[in-house]
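Working notes for the structure below.
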Amino acid sequence: MKAQNEQRAGLLYGFGAYGMWGLVPLFWPLLMPAGAVEILAHRMTWSLAVVALALLAVRRWGWIRELLRQPRKLALTALAASVISVNWGLYIWSVNNGHVVESSLGYFINPLVSIAMGVLVLGERLRRAQWVAVGLSFVAVLVLAIGYGRPPWISLVLACSFATYGLIKKKLNMGGLESLAAETAMLFLPALGYLLWLGAQGQSSFTSQGVGHALLLAATGLVTAIPLVFFGAAAIRVPLSTLGLLQYMAPVFQFGLGVLYFHEAMPPERWAGFSLVWAALALLTWDALRTARRSRARLEAAPVVVPAPAREPA
């Protein structure tokens with residue numbers, strides 16, 4: 001009963017995390033007339049404040065000393081912070097400049113890019129269905145490039161930057177809260193410096209657009225931290241295969257908002273490209289579920305080896 005309650009709670013946390021990530025395109029336009037870089041700087045600054053309060057609540061500080069003693073880990077953390085900054089900044093810009101559908105495509109193809117990176121960087125071997133899925137995604141990008149009259153750069157940069165971030169996080173092997181704290185700590189001074197410079201130039205919307213606008217900019221810290229906390233709570237309660245299926249919620253919501261709420265154009269060639277991506281993801285999901293089922297069946301069929309009782313010494 002307790003295990004069922006834990007799994008049910010994990011599902012709710014997962015729905016909450018990916019639901020919030022999926023609905024966040026509704027939030028970024030509220031921060032205008034702030035530009036994407038200013039919003040990004042506020043997101044970095046206020047995220048550190050939120051994460052610091054969370055660490056204070058759980059009293060988890062020992063990892064800081066350990067991190068400072070490992071130059072390689074520090075360098076990887078700095079690289080992760082840089083990569084996620086590119087991802088965050090481009091995503092905010094794309095939403096506030098009418099590219100919600102194209103940005104959603106980036107998160108649809110992200111699992112496929114992660115698979116490709118696993119092959120190219122980690123030397124992983126793919127099953128036949130995974131190769132077909134990667135091939136379909138490549139064809140989809142070509143179709144969309146023809147439809148847009150250019151490669152879908154926003155989608156590709158978002159997918160590649162987030163896949164690279166995931167690869168670095170895999171090598172870092174740090175907890176979600178700790179890694180976010182380390183990354184935002186590294187980004188804090190540049191972000192704060194930029195905000196102070198904007199203020200000195202009289203170009204800061206934080207001080208010129210009223211209290212409500214300032215509070216919304218400060219809320220970027222919560223918008224960043226709360227889904228990550230929910231995600232961390234889900235990750236320890238539900239199987240990875242379930243979490244992998246839930247991740248499609250965010251781009252589905254983003255795509256729906258782009259088409260139905262922001263009324264972005266979807267000519268036939270874009271529908272064709274997206275359909276190929278969705279077919280690739282469906283194939284990938286089917287293959288993952290089939291592989292997990294076979295592995296579980298093999299484990300259940302394996303004979304149980306009972307260790308022989310130890311002999312008593314003479």
Residues that Phe206 engages under side-chain contact (heavy atoms from CB on, under 4.5 Å), provided they are two or more places apart: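 Result, side-chain contact (heavy atoms from CB on, under 4.5 Å) vs Phe206: Glu38, His42, Trp46, Ser204, Ala214, Leu217.
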Salt bridge (Lys or Arg N to Asp or Glu O under 4.0 Å) against Arg65, all qualifying residues, sequence neighbours excluded: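 Arg65 satisfies salt bridge (Lys or Arg N to Asp or Glu O under 4.0 Å) with no other residue.
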Please check: side-chain N/O of [X] versus main-chain N/O of [Y], any donor-acceptor pairing under 3.5 Å?
X	Y	value
Gln70	Leu67	no
Glu264	Val100	yes
Arg270	Ala265	yes
Ser155	Glu102	yes

Quick check, are the ring centers of [X] and [Y] under 6.0 angstrom apart?
X	Y	value
Tyr107	Tyr91	yes
Trp271	Phe274	no
Trp28	Phe262	no

Partner set under side-chain hydrogen bond (donor to acceptor under 3.5 Å, both in side chains) for Tyr194, not counting sequence neighbours: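 side-chain hydrogen bond (donor to acceptor under 3.5 Å, both in side chains) check on Tyr194 returns nothing, list empty.
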Whether Phe108 and Trp278 hold their rings parallel, tilted or perpendicular, with breakpoints at 30° and 60°: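 Ring orientation of Phe108 relative to Trp278: perpendicular.
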Min side-chain heavy-atom separation Leu112-Leu281 under 4.5 Å: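 Yes, side chains in contact.
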